[in-house]
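First the structure, in the form of structure tokens, and then the observations on it.
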Amino acid sequence: MLEISKKSNLLEQGTYKYSLQDIKEPNLYRDMYNYDEVPKVVFNQRRVPMNMPEDIWITDTSFRDGQQSMAPYTVKQIVDLYQLLSKLGGPYGLIRQSEFFIYTKKDREAVEKCMELGLRFPEITTWIRAKKEDFKLVKELGIKETGVLVSCSDYHIFKKMQMTRRQAVDYYLETIKDAFDAGVVPRCHLEDITRADFYGFVVPFVNEIMELSKEAGIPIKIRACDTMGYGVPYTEAALPRSVSGIIYGLQQYSNVPSEMLEWHGHNDFYKAVANASTAWLYGASAVNCSLLGIGERTGNVPLEAMVFEYASLRGSMDGMDPTVITEIARYFRDEMGYDIPLQTPFVGENFNVTRAGIHADGLMKDEEIYNIFNTKKLLNRTPGVAVSKTSGLAGIAYWLNEHYGLTEERKVTKDSPLVIQLKEWVDEMYADDRTTSLSNKELEDKIKELTKSEE
């Protein structure tokens, strides 16, 4: 049957209605996921149309997925970070929601303290087990929406839950009805979607969710969860690993609107950011992230990365304040004792620090040559150099000028006597088999020694 599509305004074939395939044996996609080999990326050359939503935003899981990967946060730490998230998200709430655990007394105290702040964004949501008593707990806290686990791969349904597909669907739908009865809006987390039978289970299951949502008059969000980081951003890759294919299928065959569609990814194969960006590009309004990417195993989508990805795709920060990212990184280091890997983009100590003398020479002439953008303006981080055996005279001169904040008339050059003396000392240090960069304290002490001898 041919019909005019309301999505594309083109004459298209009528949407095929997929039915649940209640198979007796699990489909584990052994051609892709042979456990003894690296998972394979398969291509079918089917191109998916790009479909960026009018509005896109970020959601946060730092106090849920992120917190379960570290020592438990204190109530104060949660409240402080929540305030920083609100500041970072700006007046338009581009960090739209943040989800919390509520199982312990401390968890609930943190939620209550954050709610007392009266901040509009991020909206506080929760993540719970699919149990009636948990819905009651959410309701008592005055929280409107909660995430509910609805695992969708046969790995989970057959192996973990010991159910058939039909039994799993029936169980999930009853859980959603329990949420309705408790006066709570469920957000369905389709766990392990990149190993799921997309048209044999996911689409028909989501169709039943959408029908239930329509009958109840309650909108239900769908979170597509790349639990093991198997998703790939390549547009012509085959399901179930194709991120664009998953987003397209949920919209085209299950009629999930962009604003009700969210992507949750992990970084097991270094694709978390690329996959989240792909989800935005192909129709999901929301991407779920955690601060510094802290999360299960290799971590989640780094929230700070998606702030800059947003600006790259939209051409504007739209009110977000990226300098708060530096405040957040400092808070993790100083208040929480968390060691951020030095080379981590945007938040690592060395992300805009060079050790190469030729780069330092370029920085002295014009920092734009070797700095990714105006890091002083956008992150409150001045580009720097680390003094080592490869720094050369230019690197030492640049370090002196930046470290001491020398004004234009006082700046030293590669020909300055102090720079030449320091270079000779640095060369001596590495001639004695030193392998590490010189610390600021070592350089400061040597400069005091050299300048004192000149007095």
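Please read these numbers as outputs of a predicted model, since none were measured by experiment. Along the sequence shown, residues carry numbers from 1.
Residues R166 and D170 are paired through a salt bridge, judged by an N-O separation under 4.0 Å between the basic side chain and the carboxylate. Ion pairing of E211 with K214 is absent here, as no side-chain N (NZ or NE/NH1/NH2) approaches a carboxylate O to less than 4.0 Å. Between D80 and K76 a salt bridge is recorded (basic side-chain N to carboxylate O distance below 4.0 Å). Taking 4.0 Å as the cut-off between side-chain N and carboxylate O, E123 and K144 do not count as a salt-bridged pair.
Classification of the Y172-F205 ring pair by plane angle, with boundaries at 30° and 60°, yields tilted. In this pair, F63 and F100 present their aromatic rings tilted. The plane angle is within the 30 to 60° band. Using cut-offs of 30° and 60° on the angle between ring planes, the pair Y29 and Y33 is perpendicular.
The local environment of NZ in K40 is crowded, with over 12 non-hydrogen atoms from other residues, nucleotides or ligands closer than 6.0 Å. Environment of CG in D334: crowded, with over 12 heavy atoms of neighbouring residues, nucleotides or ligands closer than 6.0 Å. Applying the 6.0 Å contact sphere to CD of E133 captures more than 12 heavy atoms from other residues, nucleotides or ligands. By the neighbour-count criterion of 12 heavy atoms within 6.0 Å, atom CD of E215 is densely surrounded, having more than that number from other residues, nucleotides or ligands. Within 6.0 Å of atom CD in E236, more than 12 heavy atoms from other residues, nucleotides or ligands are found, so the atom counts as buried in its surroundings. Atom OH of Y92 has 12 or fewer heavy atoms from other residues, nucleotides or ligands within 6.0 Å. Around CZ of R46, the count of heavy atoms belonging to other residues, nucleotides or ligands within 6.0 Å does not exceed 12.
Aromatic ring centres of Y16 and Y18 lie closer together than 6.0 Å.
The minimum heavy-atom distance linking K159 with L28 is given by the pair CE-CD1, 3.7 Å. Here the closest non-hydrogen pair linking E208 and L173 is OE1-CD1, 3.3 Å.
In the model, W127 has no side-chain atom that pairs as donor or acceptor with a side-chain atom of D65 under 3.5 Å. Side-chain contact annotation: Y82 with D60, donor-acceptor N/O pair under 3.5 Å absent. T126 and E99 are not linked by any side-chain donor-acceptor pair at a separation below 3.5 angstrom, with hydrogens and angles left out of the test.
For R195 and Y155, the positive end sits near the middle of the six-membered ring, less than 6.0 Å away and at most 45° from its axis.
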